[in-house]
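I'd like to ask some things about the structure below.
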Amino acid sequence: MPAATKEVDAVRWYRAVALDLDGTLTSGGRPGAAVLDGIARLRDDGVVAALVTGRILAELDAEFPGLADAFDVVVAENGCVLRTADWSRRLAEPVDAALAHRLRRAGHPVVRGEVLLASTAAADHVALDAVEDLGLDVHLVRNRQALMLLPAGVSKGTGLRAALAAAGVSRHNTVAVGDAENDHPMLALAGLGVAVGNAVESLRRRADLVLPDQDGDAVAELLAGPVLTGERRVVPGRRQLVVGEGADGRPALLPAVHTTVLVSGGSDTGKSYLAGLLVEQLVAQEYAVLVLDPEGDHVCLGALPGVAVVAGSQPPAAADVFGAFERGASCVVLDMSRLQRRDREACADTLGAPLAACREATGLPHWVVIDEAQDVPWCRSSEVSPALLDPWGLCLVSYQPERVSPELLRRIGWRIDLSPGGRRALLSPPAGEPRPIDLARRFTQHVRHWHKYADSPLPAGQRFVFRGPGADGVQAGSLREFVAALAGVPAATVRHHALNGDFSRWVADVYRDHLLAGLIRTAERDLATHGDAGRTRRLLTELVAVRYLPPAPRAASR
């Protein structure tokens with residue numbers, strides 16, 4: 001799918017560039033002054049420069065003396081070796097020497113690196129037969145007329161991932177540039193994959209952006225151009241989120257990068273469900289996400305690997321929220337449901353400046369999802385924080401979007417309006433006709449406002465009052481209190497209320513959760529058949545717990 005482009009405010013989104021050497025920086029001889037000056041300028045601006053090459057380090061240093069010093073990190077031997085100014089280490093065990101012996105015996109030249117073996121493309125059939133005969137876990141990689149034999153699973157992509165981890169940069173904030181077959185994994189890993197004009201056709205087809213010029217001239221223009229500064233936004237077509245599907249069966253897609261979206265609809269239409277659906281996919285694609293969760297709708301996301309939930313009865317410090325990204329969290333859910341309403345607004349409002357600072361320092365988080373956005377002061381302000389503007393991802397969730405700042409709404413590209421009574425929505429792209437869709441299924445269990453219903457006290461007139469000997473005066477002011485009280489009242493009390501349908505009626509009337517009320521009604525009717533009040537007690541407890549009292553999520557360490 002071709003990449004789309006759009007002019008936007010200049011923002012430093014890209015924090016690293018990964019550059020192949022042969023055929024990319026140069027097609028012979030040392031790279032030119034223009035491209036080396038471009039690399040130096042980016043490094044001065046704090047952008048990490050990585051040289052990612054199939055060459056052996058000793059060969060690189062001998063043929064291009066001092067070139068490695070122009071980069072912060074060098075990934076050599078097609079991902080097998082990583083070197084910085086201070087240290088060097090292998091990323092895999094060396095290929096078995098017996099394979100080199102077989103190739104030489106067949107008359108093919110072999111150069112041995114710290115890990116890989118290098119030969120010519122003409123040796124591929126002999127190499128395949130030798131790998132099979134020797135029972136080795138080795139794969140063959142073509143680089144135009146060269147052939148590399150590497151440990152299975154090692155590529156320029158795995159090498160670049162290790163380099164970015166060492167530098168503390170997300171792959172989504174990285175541009176990778178190459179020209180040959182062995183550059184595919186590197187371009188696939190990076191947030192933006194770029195092919196120079198002289199690249200092999202297969203790489204040109206897969207790249208997000210193809211440069212018009214060749215090798216070093218093309219790279220020099222890219223490094224000095226509007227893509228890296230943020231003045232020109234490139235949206236890779238391969239980075240997509242599945243929102244659902246239309247009546248024609250075609251998937252409804254949303255760009256996963258450089259996207260602003262408004263999710264709106266009335267109460268009980270599934271706004272938080274949809275927001276969680278987007279977050280699940282962003283986490284799966286390794287984007288960093290901050291979720292402002294005023295009512296506890298998204299704590300279930302804590303079941304996903306890499307998701308940290310920050311919660312408490314007091315507003316957390318900004319360091320506890322944004323520090324979780326530095327400690328390796330891919331998503332931070334700020335659960336504010338246990339705070340008083342005024343404290344929730346104040347807590348969300350104080351995060352604006354730290355968010356901008358975190359993005360300036362690290363490029364994270366890529367996305368901010370704000371539930372109940374109409375209650376967040378910085379979303380209502382006429383002066384929109386730069387931290388919320390393009391090219392950063394932003395999802396606003398609101399049942400009153402008219403209370404959101406008109407300036408912020410003007411910058412919203414996509415709109416999803418939820419329909420009452422089911423998982424249906426109207427998807428409106430920035431340009432084009434709105435499209436009715438059915439929402440996709442989620443990975444994690446969505447529990448609507450579970451903290452609100454589990455723990456928030458009910459007014460006296462809505463509390464459940466247990467009746468009967470040994471239970472008079474026992475009241476439940478929340479679902480958590482209901483479960484606790486249910487465990488202690490006599491069996492006769494459970495029987496009395498169940499046979500009268502009091503439990504299901506209370507849940508339906510007070511909480512308006514007709515799904516749970518229906519399940520409880522089934523359990524109440526079951527009592528008339530089996531006559532076991534203890535069994536009914538257990539069923540009621542399990543039904544409420546599964547829907548509103550999930551296991552405590554993993555909390556971010558402090």
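Residue numbers start at 1 and run along the sequence shown. Atom set for the values below is all heavy atoms of this structure, side chains included, hydrogens, waters and symmetry mates excluded.
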* **Pairwise side-chain contact, Leu51 with Leu21, heavy-atom cut-off 4.5 Å (strictly under)** => yes
* To do: Quick one: do Leu147 and Arg142 satisfy side-chain contact (heavy atoms from CB on, under 4.5 Å)? Show the steps, please.
  => CA-CA 5 Å; Leu147 177 69; Arg142 290 285 295 271; 4.1 Å; yes
* Asked: Once you round to the nearest 0.5 Å, how far does CH2 of Trp367 lie from CG of Leu241?
  -> 6.0 Å
* Asked: Between OG of Ser170 and CG of Leu164, what distance do you get to the nearest 0.5 Å?
  -> 8.0 Å
* Asked: Taking atom types as modelled, is there a side-chain donor on His108 or Thr120 under 3.5 Å from an acceptor on the other?
  -> no
* To do: May I have the step-by-step check of salt bridge (charged side-chain N to carboxylate O under 4.0 Å, His left out) for Arg12 and Glu360, ending in yes or no?
  => CA-CA 8 Å; Arg12 177 63 75 187; Glu360 176 65 26; over 6 Å; no
* Taking C-beta and beyond as the side chain, do Ile370 and Leu394 meet within less than 4.5 Å on heavy atoms? -> yes
* Any Val332 side-chain heavy atom under 4.5 Å of Pro365 side chain -> no
* How many angstroms lie between CD in Gln285 and CD in Gln281, if you round to the nearest 0.5 Å? -> 7.0 Å
* With distance as the sole test, does Thr260 use its side chain to make a donor-acceptor pair with the main-chain N or O of Gly413 at under 3.5 Å? -> yes
* What is the distance from atom CD1 of Ile39 to atom CG of Asp72, rounded to the nearest 0.5 Å? -> 10.0 Å
* In sequence, state the C-alpha distance, the side-chain angles, and the governing distance for His366 and Asn173, and then conclude on side-chain contact (heavy atoms from CB on, under 4.5 Å). => CA-CA 9 Å; His366 303 115; Asn173 297 110; 2.9 Å; yes
* Quick check: does any side chain N or O of Ser27 sit under 3.5 Å from a backbone N or O of Gly23, one acting as donor and the other as acceptor? -> no
* Asked: Between Asp213 (side chain) and Asp217 (backbone), is there a donor-acceptor pair under 3.5 Å?
  -> no
* Asked: So do the side chains of Arg239 and Tyr287 get within less than 4.5 Å of each other, counting heavy atoms only?
  -> yes
* Asked: What closest approach, in Å, do Ala100 and Leu117 show between heavy atoms, and which atom pair accounts for it?
  -> N-CD1, 3.6 Å
* **Student check: side-chain heavy atoms of Asp179 and Val200 closer than 4.5 Å** => no
* To do: Report yes if some heavy atom in the side chain of Leu355 is under 4.5 Å from a heavy atom in the side chain of Trp378; otherwise report no.
  => yes
* Give the minimum heavy-atom separation between Leu282 and Val289, together with the two atoms involved. => CB-CG2, 3.8 Å
* Answer yes or no: is there a donor N or O on one side and an acceptor on the other, between the side chain of Ser330 and the main chain of Val283, under 3.5 Å? => no
* For side-chain contact (heavy atoms from CB on, under 4.5 Å), just list the numbers for Val81 and Leu57, CA-CA rounded to whole Å, side-chain angles, deciding distance to a tenth of an Å, and then say yes or no. => CA-CA 8 Å; Val81 178; Leu57 281 174; 3.6 Å; yes
* Asked: Of the non-hydrogen atoms in Ser88 and Arg83, which two are nearest, and what is the gap between them?
  -> CB-CG, 3.8 Å
* Take Val219 and Glu221 through the side-chain contact (heavy atoms from CB on, under 4.5 Å) test and state the conclusion after the steps. => CA-CA 5 Å; Val219 176; Glu221 184 175 351; over 6 Å; no
* To do: Would you check if the side chain of Arg238 reaches a backbone N or O of Ala188 as a donor-acceptor pair within less than 3.5 Å?
  => yes
* Decide yes or no on salt bridge (charged side-chain N to carboxylate O under 4.0 Å, His left out) for Glu286 and Arg171, but give the supporting numbers first. => CA-CA 8 Å; Glu286 301 182 5; Arg171 68 186 184 95; 2.7 Å; yes
* Quick one: do Glu280 and Arg442 make a salt bridge, cutoff under 4.0 Å? -> yes
* Asked: Does a salt bridge link Glu63 with Arg55, judged by any charged N lying under 4.0 Å from a carboxylate O?
  -> yes
* Pair Thr84-Asp86, side-chain donor/acceptor within less than 3.5 Å -> no
* With a 4.5 Å limit on heavy-atom distance, are the side chains of Leu192 and Val227 in contact? -> yes
* More than 12 heavy atoms from other groups under 6.0 Å of CZ on Arg410 -> yes
* **Flag for Asp215-Thr26: side-chain donor and acceptor within less than 3.5 Å** => no
* Atom CG in Leu222, atom CG in Leu19: separation rounded to 0.5 Å? -> 8.0 Å
* To do: Return yes when atom CD of Glu201 has more than 12 non-hydrogen atoms of other residues, nucleotides or ligands closer than 6.0 Å, and no otherwise.
  => yes
* Asked: To the nearest 0.5 Å, how far apart are CG in Leu103 and CZ in Arg112?
  -> 11.0 Å
* To do: Please determine if Asp129 and Arg102 form a salt bridge, counting it only when a charged side-chain N lies under 4.0 Å from a carboxylate O.
  => no
* Side chains of Val333 and Val307 in contact at under 4.5 Å (non-hydrogen atoms) -> yes
* Structure fact -> Nearest heavy-atom approach of Val75 to Leu82 is CG2-CD1, 3.8 Å
* To do: Examine His172 together with Trp13 and report whether their ring centres are nearer than 6.0 Å.
  => no
* Could you tell me whether the side chain of Lys156 and the main chain of His184 form a donor-acceptor pair under 3.5 Å? => no
* Asked: Closest approach of Leu116 and Gly54, non-hydrogen atoms and distance?
  -> CD2-O, 4.1 Å
* Minimum heavy-atom separation for Leu223 to Val35, with atom names? -> CD1-O, 3.9 Å
* Asked: Any side-chain donor paired with an acceptor under 3.5 Å for His298 and Asp371?
  -> yes
* **Donor-acceptor contact present, side-chain Glu77 to main-chain Glu114, <3.5 Å** => yes
* Could you tell me whether a side-chain N or O of Thr158 sits under 3.5 Å from a main-chain N or O of Val154, the two making a donor and an acceptor? => no
* For Val47, does its backbone N or O pair with a side-chain atom of Asp45 as donor and acceptor, under 3.5 Å? -> no
* Asked: Does Asp96 reach the main-chain N or O of Leu99 with its side chain, forming a donor-acceptor pair under 3.5 Å?
  -> no
